Amino acid sequence: MSRRRQVYEGKGKVLFEGPEPGTLVQYFKDDATAFNAQKRGVITGKGVINNRISEFLMTRIAEMGIPTHFVRRLNMREQLVKEVEIIPVEVVVRNIAAGSFTKRMGVPEGTALPRSIVEFFYKSDELDDPLITEEHVTAFGWANPQEIDEMVSMALRINDIMSGLFYGVGIRLIDFKVEFGRHYQGDEVRTILADEISPDSCRFWDIQTNDKLDKDRFRRDMGGAEEAYQEVARRLGILPEGGPRDMKGPEVMQ
Ligand code: UDP
């Protein structure tokens, strides 16, 4: 498939060496996994849509002054990003109770939280991404206190930006997960937003109907995952040219 050297293959994406040092090419697959990859499947066209949605959101977020790894989209399934050292902590922001939170805290799905809640999970497939506290993060050296502060403040700003943006297109942002990385430039190191932001990593509910427009459709075998991802892109005004029929996208590498 590729002329470039593969650096990493994850569940939903592949990373290749980029054209210049310090860059990577992020390739979005249609593969979908849930429950720590115990459930596997394909959401046709997901890679093409997530490439677009992540491009769109990272661009809006950067415009608001938050540094991100996104450089530019290369083609239907690939984007150029800055190479970072990923901080092995998933930062989750929740506005409404859903998913693992409902079971852990005994709060029914759909309950508005008294305020946005930030949680940390340790990125570890073997351990099933356990919930952790700042104590674990600093004690094990996954991030220092300054990096934790930066991740929390950026995650909360991203929540405000995205909540407003999606509200404007009739979608409620229930919760989402972001990842950050260390970007080294000479002697300097900066914490920047990395990975992707898409219906794979967010919960989106239609404001009118509460219909789920995200990966929960796949996780819960609800059907209509392809259409839900397309609907998010359509509302953001970024459905790929040619519409859903064009969604498979070229497999070629730029
Ligand atoms: N999430 C994610 N990757 C993970 C775990 C969670 O992107 O490995 C996202 C998920 O899509 C949701 C939010 O983080 O938007 C909170 O997920 P939760 O802890 O409720 O986990 P889940 O119920 O999805 O297992």
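Residues: numbered from 1 along the sequence shown. Note that the structure is a prediction, hence the values are computed from the model and not measured. Note that ligands are numbered from 1 as they come in the structure, with each ligand's atoms numbered from 1 the same way.
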Quiz item: With distance as the sole criterion, is a donor-acceptor pair present between the side chains of Thr133 and Glu135 under 3.5 Å?
Solution: no

Quiz item: What part of Glu119 sits under 4.0 Å from ligand 1 if we count only heavy atoms: the side chain, the backbone, both or neither?
Solution: neither

Quiz item: Heavy atom under 4.0 Å from ligand 1: found in Ala34's side chain, backbone, both, or neither?
Solution: neither

Exercise. Could you tell me whether Lys215 approaches ligand 1 through its side chain, its backbone, both or neither, with non-hydrogen atoms closer than 4.0 Å?
Key: neither

Quiz item: With Thr33, which residues qualify under side chain to side chain contact (heavy atoms under 4.5 Å, CB included), at least two apart?
Solution: Lys11, Ala37, Arg40

Practice problem: Look up atom 25 (O) of ligand 1 and tell me if a protein heavy atom lies less than 4.0 Å from it? | Solution: no

Quiz item: Are Leu156 and Ile161 joined in one hydrophobic group, where the rule is that I, L, V, M, F, W and Y side chains link up if heavy atoms are under 4.5 Å apart?
Solution: yes

Exercise. Begin from the C-alpha positions of Glu196 and Ser54 and carry the test side chain to side chain donor-acceptor pair (under 3.5 Å) through to its verdict.
Key: CA-CA 6 Å; Glu196 72 178 296; Ser54 202; 5.3 Å; no

Quiz item: Where is the nearest protein heavy atom to atom 16 (C) of ligand 1: which residue, which atom, and how far?
Solution: Arg203 NH1, 3.6 Å

Exercise. Under the salt bridge (Lys or Arg N to Asp or Glu O under 4.0 Å) rule, collect the residues that match up with Glu226, sequence neighbours excluded.
Key: none

Exercise. Check Ser100 against ligand 1 and report side chain, backbone, both or neither, counting heavy atoms closer than 4.0 Å.
Key: both

Self-check item: Asp175 and Asn95: side chain donor to acceptor below 3.5 Å
Solution: no

Exercise. Specify whether the nearest protein heavy atom to atom 6 (C) of ligand 1 is under 4.0 angstrom away.
Key: no

Practice problem: Give the contacting part of Asp129 toward ligand 1: side chain, backbone, both or neither, where contact means a heavy-atom distance below 4.0 Å. | Solution: side chain

